[in-house]
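In what follows, a single structure is set out as structure tokens and then discussed.
Below, chains carry the letters A, B, ... as their sequence lines are ordered, and counting in each starts from 1.
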Number of protein chains: 2
Amino acid sequence: MARSKYAEVCEEVCTHPEILGRVAPEMPDEERLYDLAELFKVFGDTTRIRILYVLFESEMCVCDIAALLNMTQSAISHQLRILKQARLVRSRREGKTIFYALDDDHVRTVIGQGMEHIEEKHGRKRA
Amino acid sequence: MARSKYAEVCEEVCTHPEILGRVAPEMPDEERLYDLAELFKVFGDTTRIRILYVLFESEMCVCDIAALLNMTQSAISHQLRILKQARLVRSRREGKTIFYALDDDHVRTVIGQGMEHIEEKHGRKRA
DNA sequence: CTAACACTTGAACAGATGTTCATATGTTTT
DNA sequence: AAAACATATGAACATCTGTTCAAGTGTTAG
């Protein structure tokens, strides 16, 4: 008895067709949700978060970032490429060196909200 | 973990000590940055993003979510556990069924900003 | 009690991810 | 021209991640 196009997973006893029918149309396209997850994946790495935090303060060249984070220049370069593809940073050449900077203000908001969440929920484990 | 002075990666020609000295003190603790990356990792998966979007609309039981997303109830349950550990959702038992809901409003903000970023940067590839 | 149900959990496997190492590109200096 | 420098990139490797499958809770109905 396929009552709606969703369902078939549980018996009808559990699934609530009226909710499914109401929620389903509100979902964004699969493609958009995929892109969104891809974007957050970029934020989901300590090295990249640290790079972004560094760039909060100032535009900076690759080897300065590497020095600050105490990491290989190659590793930083790999991560900068990912950040750039996600349009979170942009680069500018000046002679031999290339300067990276934040490309966007959403970055600050997203990271800021993430920090708030952590402070609020996770922050007082022993308070 | 040799926390030597910053530098040693490039010659002094490249690294700019005054920038390093100014930026370094502004960085949050390693632990906080790690937690932040962990949080964004949670957002960085299509299934979990879809679950969160579903919960934007309404509190919902596991098998309804599974039905909506056309996935195994087990897979959904695994992901809900991760979302719960990150304090992004909370659960409530009612008889045999367990209802999940958003635990926080930061979730909406973060996802909203992420969406904005995508619309803005990635949105018009062919516009 | 037992059966049915909604959900959880652990192990296992395929696929993705980040760093390293070696090498390549592009720019300036000599 | 070649050498020196800042950065980029490809392959390889170990580690992590998400789903599936099978078995485990805990709750209600008969």
Table of protein N/O atoms under 3.5 Å from nucleotides 19-26 of chain D N/O atoms:
{"residue": "dT19(D)", "atom": "OP1", "partner": "Thr47(B)", "partner atom": "OG1", "Å": "2.6"}
{"residue": "dT19(D)", "atom": "OP2", "partner": "Gln79(B)", "partner atom": "OE1", "Å": "2.6"}
{"residue": "dT20(D)", "atom": "OP2", "partner": "Thr72(B)", "partner atom": "OG1", "Å": "3.0"}
{"residue": "dT20(D)", "atom": "O4", "partner": "His78(B)", "partner atom": "NE2", "Å": "3.2"}
{"residue": "dC21(D)", "atom": "N4", "partner": "Ser74(B)", "partner atom": "OG", "Å": "2.8"}

Steps toward salt bridge (Lys or Arg N to Asp or Glu O under 4.0 Å) verdict (Asp105(A), Arg108(A))
CA-CA 5 Å; Asp105(A) 270 332; Arg108(A) 290 179 198 267; 3.6 Å; yes
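- Dashed line: the shortest gap from a side-chain N or O of Arg48(A) to OP1 or OP2 of dG18(C) is under 4.0 Å.
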In residues 50-62 of chain B, what donor-acceptor pairs under 3.5 Å come from side-chain atoms, sequence neighbours left out?
{"residue": "Arg50(B)", "atom": "NE", "partner": "Glu30(A)", "partner atom": "OE2", "Å": "3.4"}
{"residue": "Arg50(B)", "atom": "NH2", "partner": "Leu69(B)", "partner atom": "O", "Å": "3.1"}
{"residue": "Glu59(B)", "atom": "OE1", "partner": "Arg92(B)", "partner atom": "NH2", "Å": "2.7"}
{"residue": "Glu59(B)", "atom": "OE2", "partner": "Arg92(B)", "partner atom": "NE", "Å": "3.1"}
{"residue": "Glu59(B)", "atom": "OE2", "partner": "Arg92(B)", "partner atom": "NH2", "Å": "3.4"}

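- By the 4.5 Å heavy-atom criterion applied to side chains, Met27(A) and Leu68(B) are not counted as neighbours.
- Per the geometry, CD1 belonging to Ile76(A) stands 13 Å off P belonging to dG18(C), to the nearest Å.
- Between Tyr100(A) and dA6(D) there is no side-chain N or O to OP1 or OP2 distance below 4.0 Å.
- A straight line from CG of Leu80(A) to C1' of dA6(D) spans 13 Å, rounded to a whole angstrom.
- With distances taken from any side-chain atom of Lys41(B) to the nucleotides dC7(C), dT17(D), dT7(D), the minimum falls on dT17(D).
- Residue Leu69(A) contributes atom CG, which lies 12 Å from atom P of dT20(C) at whole-angstrom precision.
- Nearest-nucleotide mapping onto DNA chain C: of Ile98(B) and Ile82(A), the residue sitting toward the 5' end is Ile98(B).
- As a whole-Å value, the separation of Glu94(A) CD from dC5(D) P is 19 Å.
- Side-chain atoms of Arg32(B) and Met115(A), non-hydrogen and from C-beta on, do get closer than 4.5 Å to each other.
- Side-chain contact between His78(A) and Arg81(A): present, with at least one pair of heavy atoms (C-beta onward) separated by less than 4.5 Å.
- Rounded to an integer number of Å, the gap from Asp64(A) CG to dC5(D) P is 16 Å.
- Relative ring orientation between Phe40(B) and Phe43(A) is described as tilted, the plane-to-plane angle lying within the 30° to 60° band.
- Across the protein-nucleic acid pair, His16(A) atom NE2 and dC5(C) atom P stand 15 Å apart, rounded to whole Å.
- The CZ-C1' distance, from Phe40(A) to dT17(D), rounds to 19 Å in whole Å.
- Across the protein-nucleic acid pair, Gln73(A) atom CD and dT9(D) atom C1' stand 11 Å apart, rounded to whole Å.
- Using a 4.0 Å heavy-atom criterion, one finds that Phe99(B) contacts no nucleic acid atom at all.
- Shown here are the side chain to side chain donor-acceptor pair (under 3.5 Å) partners of Lys84(A), two or more places apart in sequence or in another chain: Ser91(A).
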